[in-house]
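Below is one structure, written out as structure tokens; comments come after it.
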Amino acid sequence: MPKLVVAGCSFSDRTKVEKSYGDYLSELIDYNYIHLARGASSNSRSVYKAATSIIEGTLSSGDVLLFQFTDPHRKMISSH
């Protein structure tokens with residue numbers, strides 16, 4: 001079954017709601033849903049998470065990636 005993958009910040013995350021728009025959309029189009037969004041994240045993190053999903057084989061051709069861009073001044077802060 002094809003997958004719908006959503007990467008982005010708070011607008012795409014499940015911030016103070018049970019389901020994000022990605023959850024609803026995946027149900028509507030009958031795709032498996034992969035939630036990569038995270039509140040207060042950056043474009044760099046979204047690119048990193050999407051690229052990692054491609055490398056790991058989680059995201060492949062035929063799948064749909066919705067990439068919600070955020071403020072370009074946000075930065076990914078490393079955590080060890």
Side-chain angles (χ1 to χ4, degrees):
M1 177 180 278
K3 294 178 275 293
L4 171 67
V5 180
V6 176
C9 68
S10 305
F11 293 110
S12 297
D13 200 7
R14 298 177 180 121
T15 306
K16 296 186 180 184
V17 294
E18 188 175 317
K19 291 184 175 184
S20 68
Y21 69 82
D23 293 299
Y24 290 108
L25 180 57
S26 65
E27 291 172 6
L28 183 67
I29 62 175
D30 198 29
Y31 277 36
N32 287 331
Y33 182 57
I34 298 174
H35 185 81
L36 300 180
R38 184 173 182 189
S41 69
S42 65
N43 292 327
S44 297
R45 180 195 175 274
S46 295
V47 168
Y48 172 79
K49 296 300 282 184
T52 300
S53 294
I54 292 168
I55 291 167
E56 292 174 346
T58 307
L59 178 59
S60 59
S61 63
D63 296 334
V64 175
L65 171 63
L66 290 179
F67 193 98
Q68 176 254 309
F69 287 95
T70 188
D71 187 307
H73 295 95
R74 289 186 179 186
K75 302 295 179 210
M76 184 167 69
I77 299 172
S78 63
S79 92
H80 302 283

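With sequence neighbours left out, Tyr31 forms a ring pair (Phe, Tyr, Trp, His ring centres under 6.0 Å) with no residue at all. The ring pair (Phe, Tyr, Trp, His ring centres under 6.0 Å) search around Phe69 returns Phe67, not counting sequence neighbours.
Under a 3.5 Å cut-off, the side chain of Asn43 and the backbone N or O of Thr70 do form a donor-acceptor pair. Proximity of a side-chain donor or acceptor of Gln68 to a complementary backbone N or O of Val6 within less than 3.5 Å is not detected.
In this structure, CZ in Arg45 is found 10.5 Å from SG in Cys9, a value given to the nearest 0.5 Å. For the atom pair NZ (Lys19) and OG (Ser26), the distance works out to 8.0 Å, reported to the nearest 0.5 Å. Distance check, rounded to the nearest 0.5 Å: CD of Glu18 to CG of Asp23 gives 9.0 Å. Leu4 CG to Tyr21 OH: the interatomic distance, rounded to the nearest 0.5 Å, is 8.5 Å. From Tyr48, atom OH reaches atom OG of Ser53 across 10.0 Å, with rounding to the nearest 0.5 Å. With values rounded to the nearest 0.5 angstrom, Ile54 atom CD1 is found 9.5 Å from Asp63 atom CG.
Taking every heavy atom of both residues into account, Ser46 and Ser41 meet most closely at OG-OG, 4.4 Å.
Side-chain heavy atoms closer than 4.5 Å link hydrophobic residues (I, L, V, M, F, W, Y) into clusters, and following such links, even through other members, never connects Leu66 to Leu59. With hydrophobic clusters built from ILVMFWY side chains whose heavy atoms lie under 4.5 angstrom apart, Val5 does not share a cluster with Val64. Cluster annotation: Val47 is not connected to Leu36 through the hydrophobic network of ILVMFWY side chains, with a link wherever side-chain heavy atoms come within less than 4.5 Å.
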Full working for side-chain hydrogen bond (donor to acceptor under 3.5 Å, both in side chains) between Ser10 and Asp13: CA-CA 5 Å; Ser10 305; Asp13 200 7; over 6 Å; no
With side-chain contact (heavy atoms from CB on, under 4.5 Å) as the test, would you mind laying out the steps for Lys49 and Arg38 before giving the verdict? CA-CA 10 Å; Lys49 296 300 282 184; Arg38 184 173 182 189; over 6 Å; no
